[in-house]
Amino acid sequence: NEEVSALAARPDGTLVAGGEFTQANGQPAIGAVRLNATTGATASGWGLQFENRLGGGGPVNVRALDVQGNWLYAGGLFTHVRGGSSNAVYAKMAARLSVATGEPDTTWNPELSGSVVALDASADGARVYAAGYFATAKGTAVRQATALSAVNAAPVSPLWNPTPSATPKYQQAVREVGDRVWLGGSEHSLFSYDRATFARLSGNITKQGGDFQAIGTAQGKVYASCHCNEWNYSNAFTWSNIGTNWTQADKIGFVGAWDAATGRVDRQDSAAALASTRRAASSPYGRCSGWFC
């Protein structure tokens with residue numbers, strides 16, 4: 001009955017949907033629901049339910065989901081979760097649940113001070129990266145992005161405290177790809193960091209348009225999308241004044257491609273994405289305008 005913000009496929013073929021809804025298939029489903037991926041029917045057995053007890057209770061939004069190993073990680077705007085046969089478990093803005101039963105892990109609570117927009121569990125199962133509107137994790141100051149231990153949900157050492165491009169500082173996309181962690185958000189920034197030291201390795205600023213909102217990867221490439229339809233400036237790190245040390249300007253049309261190992265713009269893939277976006281925009285079935293496409 002309301003929007004879906006995230007999807008995650010489980011190993012058994014069912015699908016978990018997260019969002020702002022309170023019903024699915026006409027039945028109560030607050031923030032998340034497990035579905036039959038073929039029919040869309042609600043799958044039985046989990047009883048998954050999120051709660052927001054801040055300020056006496058408020059809307060719930062599960063914005064991010066990721067399956068890694070035996071766990072389903074969830075992030076968004078909530079303080080408690082219940083699933084399987086459990087009572088409500090305190091898990092502020094991020095939680096992990098058994099991928100088999102939906103039972104929340106009572107030992108894993110990052111206690112983030114603000115909502116999560118994106119999260120990514122590392123391929124080795126050791127970390128969970130989160131991005132959003134928070135400023136602390138378990139009482140430790142962080143800058144709207146953090147790398148959490150998969151053991152106890154505390155920020156890992158060395159502490160990742162990325163320098164934002166401007167204020168406001170919210171971040172909206174995060175992804176570990178190989179030896180780099182990619183982070184995108186406001187204002188108009190897409191940066192990559194060394195996984196071991198968290199030293200910043202590359203920077204991108206889109207001068208006009210808007211924030212980076214999604215990051216994906218395939219075949220050695222990183223793909224990122226944004227409210228941007230002008231130019232991407234490589235090795236720029238501040239907005240709106242990008243300075244004079246940037247090294248390259250490339251046309252971008254809402255989505256671009258980067259080499260995952262070097263951080264450099266992949267001009268061929270970016271041009272193909274731009275052409276595809278233009279075709280979709282001109283189609284009577286995919287027309288878009290303004291900020292949203």
Side-chain angles (χ1 to χ4, degrees), residues 64-71 73 75 93-94 96 105 107-113 116-132 134-165 169-186 189-205 212-224 232-238 245-248 256-266:
L65 296 167
D66 191 27
V67 172
Q68 185 57 247
N70 295 324
W71 300 108
Y73 292 91
M93 307 302 177
R96 74 174 180 184
D105 182 353
T107 69
W108 202 87
N109 177 14
E111 298 180 75
L112 298 166
S113 62
V116 170
V117 178
L119 58 76
D120 179 48
S122 63
D124 64 4
R127 294 177 178 177
V128 180
Y129 301 96
F134 49 86
T136 63
K138 281 193 178 295
T140 298
V142 293
R143 294 194 185 114
Q144 290 71 50
T146 187
L148 303 168
S149 167
V151 175
N152 59 13
V156 304
S157 181
L159 182 67
W160 184 30
N161 224 351
T163 301
S165 60
K169 300 183 288 290
Y170 59 87
Q171 301 298 320
Q172 301 194 89
V174 65
R175 193 71 175 262
E176 181 187 284
V177 184
D179 294 330
R180 295 184 183 224
V181 182
W182 295 75
L183 180 67
S186 77
S189 64
L190 177 68
F191 297 161
S192 73
Y193 299 82
D194 182 88
R195 184 190 189 279
T197 66
F198 291 120
R200 190 168 60 186
L201 301 177
S202 68
N204 299 269
I205 298 290
F212 280 89
Q213 295 185 318
I215 300 172
T217 183
Q219 299 179 335
K221 305 289 178 61
V222 169
Y223 298 91
N232 177 80
Y233 293 84
S234 297
N235 292 309
F237 299 96
T238 57
N245 293 323
W246 54 272
T247 56
Q248 178 175 308
W258 288 261
D259 185 283
T262 67
R264 288 194 289 268
V265 171
D266 186 307

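- Counting heavy atoms of neighbouring residues, nucleotides and ligands inside a 6.0 Å radius, atom CZ of Arg264 does not exceed 12 of them.
- Of the possible polar contacts, one joining the Lys138 side chain to the Asn109 backbone as a donor-acceptor pair under 3.5 Å is found.
- With rounding to the nearest 0.5 angstrom, the CG atom of Leu183 is 10.5 Å from the CZ atom of Arg200.
- Thr217 contributes a side-chain N or O that, together with a main-chain N or O of Lys221, makes up a donor-acceptor pair within less than 3.5 Å.
- Salt bridge absent: Arg195 and Asp179 never bring a charged side-chain N and a carboxylate O closer than 4.0 Å.
- Put simply, the side chain of Ser189 never gets that close to the backbone of Ser165: no donor and acceptor are under 3.5 Å apart.
- Taking the centre of each ring, Trp160 and Tyr193 come in below the 6.0 Å mark.
- Under a cut-off of 6.0 angstrom, the local environment of CG in Asn70 is sparse, with at most 12 non-hydrogen atoms contributed by other residues, nucleotides or ligands.
- Note that CD of Glu111 is 10.5 Å distant from OG1 of Thr140, once rounded to the nearest 0.5 Å.
- Note: Phe237 and Trp246 fail the aromatic proximity criterion, with ring centroids not under 6.0 Å apart.
- Side chains of Trp71 and Asp66: a donor-acceptor N/O pair is absent below 3.5 angstrom, by distance only.
- The closest donor-acceptor contact from the side chain of Trp108 to the backbone of Ser149 lies under 3.5 Å.
- With Ile215 as the fixed residue, the side chain to side chain contact (heavy atoms under 4.5 Å, CB included) test singles out one of Val177, Val174, Leu190, Asp120: Leu190.
- Geometric assessment of Arg96 against the ring of Tyr73 yields a negative cation-pi assignment under the 6.0 Å and 45° thresholds.
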Stepwise side chain to side chain contact (heavy atoms under 4.5 Å, CB included) test for Asp266 and Asp259: CA-CA 6 Å; Asp266 186 307; Asp259 185 283; 5.6 Å; no

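- In this model, a donor atom of one side chain and an acceptor atom of the other lie less than 3.5 Å apart for Tyr129 and Glu176.
- Taken to the nearest 0.5 Å, the OG1 atom of Thr146 stands 8.0 Å off from the CG atom of Asn161.
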From CA spacing to verdict: side chain to side chain contact (heavy atoms under 4.5 Å, CB included), Asn235, Gln248: CA-CA 8 Å; Asn235 292 309; Gln248 178 175 308; over 6 Å; no

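- At most 12 heavy atoms of other shown residues, nucleotides or ligands fall within 6.0 angstrom of atom CG in Asn245.
- Between the Gln144 side chain and the Phe134 main chain, a donor and an acceptor come within less than 3.5 Å of each other.
- For the residue pair Arg180/Ser192, the side-chain donor-acceptor check at 3.5 Å is satisfied.
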Audit row: Trp182, Leu201, side chain to side chain contact (heavy atoms under 4.5 Å, CB included) steps and yes/no: CA-CA 10 Å; Trp182 295 75; Leu201 301 177; over 6 Å; no

